[in-house]
Amino acid sequence: MTSSTSSPPIITADLVLLDTDVEGDKQAVITKLAGSLAAAGRTNDADGLIGAAMAREEQSATGLPGGIAIPHCRSPYVDSPTIGFARLRPSVDFGAPDGPADLAFLIAAPDSGGQEHMKLLSSLARALVRKDFVESLRTAGTAAEIVDLVDGVVNPAPAAAPASAPAAPAEEKPAKSIVAITACPTGIAHTYMAADALSAAAKEAGVTLVVETQGSSGSTPLPAETIAKADAVIFATDVGVKDKGRFAGKPVVASGVKRAINEPAKMVAEAVAAADNPNAARVEGSAGAAEDTPSGNVGWGTRTRQILLTGVSYMIPFVAAGGLLIALGFLFAGYDITETGNDIALNNSLTDLPPGGFAQYLGAILFTLGGLAFSFLVPALAGYISFAIADRPGIAPGFTAGALAVFIGGGFIGGIVGGVMAGFAALWISNIKVPQWFRGLMPVVITPLFASLFVGLIMFFLVGRPLAWVNTSLTEWLSGLSGTSAIVLGIILGLMMCFDLGGPVNKAAYAFATAGLAAATTASFEIMATVMAAGMVPPLAMALATTIRPALFSEPERENGRAAWLLGATFISEGAIPFAAADPLRVIPSMMFGGAITGALCMAFGATSRAPHGGIFVLFAIDNKFGFIIAILAGMVAAALAVVAAKQFIKPGAKQESELVAP
């Protein structure tokens, strides 16, 4: 494998730091490595690269057993795949279970990096499970030796054809056959390291193992005959398994991807044991998660959260596109377009403009487009909740349940209930044992038909009216909120938006607000304004804090603070993640304090927003703009002063800080 001639080498001597003493934690190491990339002209924004790498650290620690760390990211701040290396003296904690790391690679891939580039990076990750390669890195005397070692694994010479494996003695039992899936969120390193760690452990145990790596360098699906012959399956993933239904009925051992790197022999042994255990957990139907077992499978609490967040994640693009198009319709045609927009869109044209001219016609078109996109909000929520439970067979009944929830007036709550019922109905039907000749009809006809029929009958006969009553009661309660009760709701929403900065709690508050927009009531518009204002506070507060007291922050944090002005202004709460990741106990409570103030004031002022996103760029869709802005400024100042005070007067020890940073 060779890199493209138009791309620079993936590593050069000026990207290598030998026996470097870095004062600080893993962020200091990443900063040092990013600085070497910047000095070599391999990044156009070192601080942006640091922020991207630290955001990846927030997802899960990149420390590995054996004193290795592989901070990595895909980033718009690099144009070609690049590896920076540091041999650390002393070691620095990157969250590995066996202690700090003395070898650190910063792997930086461009956002647009093709599969060939990803293969180069994954080759290095795979080499790091080889003890001889790691030992060579520790004993190398020059930067050139490090470059040769790394180049040798990312651009290996063609390997000679392997000799045929000797036949197993006749008296030995046939080796167990296992298939595995490995996948991590970025698909750059852990995916491939887990694959090689499992392969090495299986070889040592005398087990046949074939791995499908679902990473950024592409995925070659396991052949159907290989899956059919497998005695058990290993899922080592931090994200969903693609086409899990291929493994239906197989004994399964499941965990996060890092367990496969840390304990590959245990996972292989557990898979072998599961193959001989008729009571072992199995891959359910076409997609369902196996039941929780001591093998490390996901528990039902986590599983429930994943199911609901899957629905919310797929719903949000419909909300953003539809809501912003509706807001643009208001900008061009005014709020009265709600009464005439659909009629104008159907009956007028560029050659037959309505009263008000082209602006009125364009506004009507935008409003109609937005309304159509927005109408998928509840069906998409229900459809992808069902998909998270039953995979593709659950999509049709899930969307049907969501559409039915809208039809009967069940709204957002009805969509959740319907999606869950549709998913489990589809999963149960998919698990029914049928003759081989009939199986082809199950996912495309039988499961969608009967799951849709089941959820439809249940919702019409039993739960439809109660769900409609709950939705109507909630809408009336929200519409009736005033005074203290509205302010309390604003405080709660503000706290939720600032708690995990784009995580599940933040997304729950955002989903609650955007789902309410469909009701088109004053209360729903106030909730949307409150959620958006509170979500703008964390990055704006950190930007202000780094401006007024720069000495309390590192240079990369000050750079991130400058970028956070724009991120906060556009309602991108994630702009504060680098600060929260590095110092959660002082940053997060401070942000929640400011968010609560903003939420309370926004509700007290009665600010409303008809747009679900956009920050200051959708002020045209916000009523009581003055109150909205005052609420944001008050929360921003309060949060900034709180974090400055916390950093100045609360000094956690180094050990405590490292524990806080590690996920």
Side-chain angles (χ1 to χ4, degrees), residues 179 181 183 212 214 219 221-224 227-228 230 233 235 237 239-252 254 281-291 297-298 300 303-315 317-318 376-407 414-460 463:
V179 291
I181 301 291
E212 178 182 318
Q214 296 181 352
S219 174
L222 291 166
I227 297 174
V233 181
F235 291 149
T237 66
V239 293
V241 176
K242 298 175 184 175
D243 294 326
K244 189 188 285 187
R246 296 172 291 163
F247 308 96
K250 296 287 183 183
V252 62
R282 296 176 182 270
V283 182
E284 294 183 359
S286 59
E291 294 176 4
N297 291 356
V298 175
W300 271 108
R303 177 69 177 145
T304 301
R305 186 179 71 248
Q306 291 174 341
I307 288 170
L308 295 177
L309 285 180
T310 297
V312 171
S313 296
Y314 281 100
M315 177 193 78
F318 290 96
F376 284 98
L377 187 157
V378 175
L381 173 69
Y384 286 104
I385 284 175
S386 181
F387 166 76
I389 297 169
D391 210 342
R392 285 179 294 183
I395 291 180
F399 267 82
T400 302
L404 180 54
V406 175
F407 179 76
I416 293 175
V417 174
V420 171
M421 288 195 302
F424 281 107
L427 181 61
W428 179 77
I429 294 170
S430 297
N431 281 333
I432 295 175
K433 304 300 181 184
V434 297
Q436 181 69 36
W437 60 269
F438 197 68
R439 288 182 185 175
L441 292 175
M442 292 294 289
V444 295
V445 177
I446 304 302
T447 299
L449 170 62
F450 285 97
S452 298
L453 179 62
F454 170 81
V455 73
L457 293 177
I458 292 295
M459 292 187 73
F460 268 121
V463 302

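If you read the sequence from its start, that first residue is 1, and numbering goes on from there. Since we're looking at a predicted model, the values are computed, not measured.
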Contact between Arg246 and Val179 at the side-chain level, heavy atoms closer than 4.5 Å - yes or no?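 SC-SC contact between Arg246 and Val179 ruled out.
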Where do [X] and [Y] come nearest, in terms of heavy atoms and distance?
| X | Y | result |
| --- | --- | --- |
| Gly398 | Ala382 | O-CB, 3.3 Å |
| Leu427 | Ala390 | N-CB, 3.8 Å |
| Ala230 | Lys250 | O-NZ, 2.8 Å |
| Pro379 | Val406 | CD-CG2, 4.3 Å |

Using the test ring-ring contact (aromatic ring centres under 6.0 Å, His included), find all partners of Phe399 that sit at least two apart in sequence or belong to another chain.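 If we apply the ring-ring contact (aromatic ring centres under 6.0 Å, His included) test to Phe399, skipping adjacent residues, the hits are Tyr384.
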Side chains of residues 444-460: which donor-acceptor partners sit under 3.5 Å, not counting sequence neighbours?
residue, atom, partner, partner atom, Å
Thr447, OG1, Met442, O, 3.0
Ser452, OG, Pro448, O, 2.7

How long is the span from the CD1 atom in Ile227 to the CG atom in Leu222, to the nearest 0.5 Å?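 Answer for the CD1-CG pair, Ile227 versus Leu222, is 5.0 Å.
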If you round to the nearest 0.5 Å, how far is CZ of Phe318 from CG of Leu377?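 Output value for this atom pair is 9.0 Å.
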Determine yes or no for a side-chain-to-main-chain donor-acceptor pair under 3.5 angstrom, with Ser430 supplying the side chain and Ala426 the backbone. yes
